[in-house]
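Side chains are part of it too, since the values below use all heavy atoms of this structure and drop only hydrogens, waters and symmetry mates.
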Amino acid sequence: MKHYTSITDIDDINAWIEEAKKLKQNPLADNALGKNKTLGLLFFNSSLRTRLSTQKAALNLGMNPIVMNVSGDAWGLEFEDGTVMNGSTAEHIKEAAAVVSQYCDIIAVRAFPSLTDKEKDESEQVLNAFKQYAAVPIVNMESATGHPLQALTDAITISEHTKVKRPKVVLSWAPHIKALPHAVGNSFVQAMQKMEVDFVIANPEGYDLSPEITKDTPIYHNQEEAFKDADFVYTKNWSSYETYGKVINTDTDWMITKEKLGDAKFMHCLPVRRNVVVEDAVLDTDSSIVIEQANNRTYAAQLVLKKLLENG
Ligand code: CP
């Protein structure tokens, strides 16, 4: 594996999950592997979990993490080829990626979509530019269309909490006041398609994710029907894909409640808006495994960094 930018970079998800569980038992076992290696974390957008857990993962491997908030702190970056740079951008990605590659052995990037231009967002301009112009491996810390570190985390968490041979997992849309990206939903779908689970998606009409992602995964537009016999309910808001980037439904009936959840475990990537996405009665009880889920962000990131370091 040269880069980790998509769930499709995982060759055998079950083997990865088992390896992550071993790392979790002894996080400092490979502390010499990253000695004198530097991880650069470049953030075009806000973060709490990704920023801290990826640094923690690097430290567990003996690496030195360095972090930069690109938006605001760096020069405005240009991604188009052949542009006359007489506007707001002061540095081209060709120079920037090459320069950062001299300081870092691995570069991790977070760059959200515009949600205004589907074609441009799906081209993954920022992530692919780093892949093209950097001389070192690239890790996706949430791009326009995917969040593979989160999805690996989610797969590990489901495996840890599974009590039956083939659990039923539901990805449920929930309301939100803002237009949010599809990245978490997309990567979660792709991860579940690789796992031994009965997997369905629940979302209102007009909110189906890209058919190129969902493929033959069943999609319910009736949440109650989808939740029947669920072992895990993974909740996330996303904006419409069809009416690209728009909020077309704010139906509060889709909020996750204790009653709807029944005996299922509640998962969410966080941050989550209480009593908008999910009621307190879920988050404040044993039904919720979101804190343990967030803990696993470290081990998912550590596994990815370990594999990239071992690859040389
Ligand atoms: N789940 C997640 O990526 O959290 P942050 O946005 O806080 O990094």
Side-chain angles (χ1 to χ4, degrees), residues 4-10 13 43-54 108-115 118 121-122 124 126-127 139-158 169-195 197 199-204 207-210 212-215 217 219 232-241 244-245 247 254-256 265-273 276-278 283 288-297 300-301 304:
Y4 183 72
T5 54
S6 163
I7 276 289
T8 58
D9 292 325
I10 298 176
I13 198 161
F43 286 91
F44 288 81
N45 305 94
S46 304
S47 168
L48 186 151
R49 278 143 293 274
T50 306
R51 186 175 176 132
L52 296 182
S53 65
T54 311
V109 180
R110 166 167 283 201
F112 289 175
S114 65
L115 291 180
K118 184 190 271 189
D121 288 347
E122 292 195 328
E124 291 284 12
V126 176
L127 193 67
V139 174
N140 179 354
M141 295 194 296
E142 190 172 344
S143 66
T145 66
H147 196 352
L149 284 177
Q150 181 67 55
L152 176 57
T153 300
D154 303 333
I156 295 164
T157 309
I158 287 172
V169 180
V170 183
L171 169 64
S172 179
W173 181 93
H176 201 280
I177 57 162
K178 291 169 75 176
L180 297 188
H182 310 97
V184 170
N186 285 345
S187 292
F188 185 73
V189 171
Q190 290 176 313
M192 290 306 105
Q193 288 167 343
K194 283 174 171 272
M195 286 180 73
V197 297
F199 178 54
V200 303
I201 305 171
N203 56 254
Y207 275 97
D208 290 5
L209 291 165
S210 164
E212 285 188 26
I213 298 287
T214 56
K215 297 192 167 80
T217 298
I219 299 173
F232 296 92
V233 172
Y234 191 103
T235 303
K236 183 72 183 83
N237 171 272
W238 56 87
S239 54
S240 175
Y241 179 75
Y244 190 69
V247 176
W254 277 77
M255 183 176 79
I256 308 300
K265 291 293 182 194
F266 174 80
M267 297 179 71
H268 191 285
C269 63
L270 303 180
V272 68
R273 287 181 184 251
V276 174
V277 171
V278 55
L283 286 171
S288 170
I289 55 173
V290 297
I291 304 301
E292 292 154 87
Q293 189 183 346
N295 187 37
N296 283 335
R297 288 296 308 269
V304 167

Output for pair (Thr214 OG1, Ile219 CD1), nearest 0.5 Å, gives 4.0 Å
Original post:
Are the ring centres of Phe199 and Tyr234 closer than 6.0 Å?
Top reply: no
Output yes when a side-chain donor or acceptor of Glu124 lies under 3.5 Å from a complementary backbone atom of Ala144, and no otherwise. yes
Using the side-chain contact (heavy atoms from CB on, under 4.5 Å) rule, take Met192 and Thr217 through it: C-alpha gap first, then chi angles, then the decisive distance, then the call. CA-CA 10 Å; Met192 290 306 105; Thr217 298; over 6 Å; no
Interatomic distance, CG@Leu127 vs CG@Asn140, rounded to 0.5 Å, equals 5.0 Å
For Ser46 and Phe112, the nearest pair of non-hydrogen atoms, with its separation, is O-CZ, 4.3 Å
In this structure, CG of Asn203 is separated from CG of Asp208 (nearest 0.5 Å) by 5.0 Å
In this structure, CZ of Arg273 is separated from NE2 of His268 (nearest 0.5 Å) by 10.5 Å
Expected output: side-chain Trp238 to main-chain Trp173 donor-acceptor under 3.5 Å: no
With no hydrogens and no angle check, is any side-chain donor or acceptor of Glu142 less than 3.5 Å from a backbone partner on Val184?
no
Ser239 side-chain N/O to Leu180 backbone N/O, donor-acceptor pair under 3.5 Å: yes
Ser53 and Ala301 have their tightest heavy-atom pair at O-CB, 4.5 Å
- Query: Is the shortest heavy-atom distance from the side chain of Val272 to the side chain of Val290 under 4.5 Å?
  - Reply: no
Subject >> Test item: Ile289 and Phe266 side chains (from C-beta on) under 4.5 Å apart, heavy atoms >> reply: no
The reported gap from OG1 in Thr54 to CE in Met141 (rounded to nearest 0.5 angstrom) is 6.0 Å
Would you check, one step at a time, whether the test side-chain contact (heavy atoms from CB on, under 4.5 Å) holds for Val247 with Lys178?
CA-CA 7 Å; Val247 176; Lys178 291 169 75 176; over 6 Å; no
Quick one: does any side-chain atom of Lys265 pair with a main-chain N or O of Ile158 as donor and acceptor, under 3.5 Å? no
Using only atom types and a distance under 3.5 Å, with no angle test, would you say the side chain of Lys194 pairs donor to acceptor with the backbone of Ile10? yes
Where the side chain of Asp9 meets the backbone of Ser6, is there a donor-acceptor pair that is under 3.5 Å apart?
yes
* **Sub-4.5 Å side-chain heavy-atom contact between His147 and Cys269** => no
Apply side-chain contact (heavy atoms from CB on, under 4.5 Å) to Asn237 and Val276, showing your working.
CA-CA 10 Å; Asn237 171 272; Val276 174; over 6 Å; no
Q: Would you check if the distance from the ring center of His182 to the ring center of Tyr244 is below 6.0 Å?
A: yes
One should read off an interatomic distance between Ser187 OG and Gln150 CD, to the nearest 0.5 angstrom, of 9.0 Å
- Please report the C-alpha distance between Gln190 and Lys215 in whole Å, then the side-chain angles of each, then the deciding distance to 0.1 Å, and finally whether the side-chain contact (heavy atoms from CB on, under 4.5 Å) criterion is met. CA-CA 10 Å; Gln190 290 176 313; Lys215 297 192 167 80; 5.7 Å; no
Quiz item: Without hydrogens or angle criteria, can the side chains of Asp121 and Ser114 be said to hold a donor-acceptor pair below 3.5 Å?
Solution: yes
Taking every heavy atom of Phe188 against every heavy atom of Ala151, the minimum-distance pair comes out as N-CB, 4.0 Å
_Under 3.5 Å donor-acceptor, Arg297 side chain and Thr153 backbone_ = no
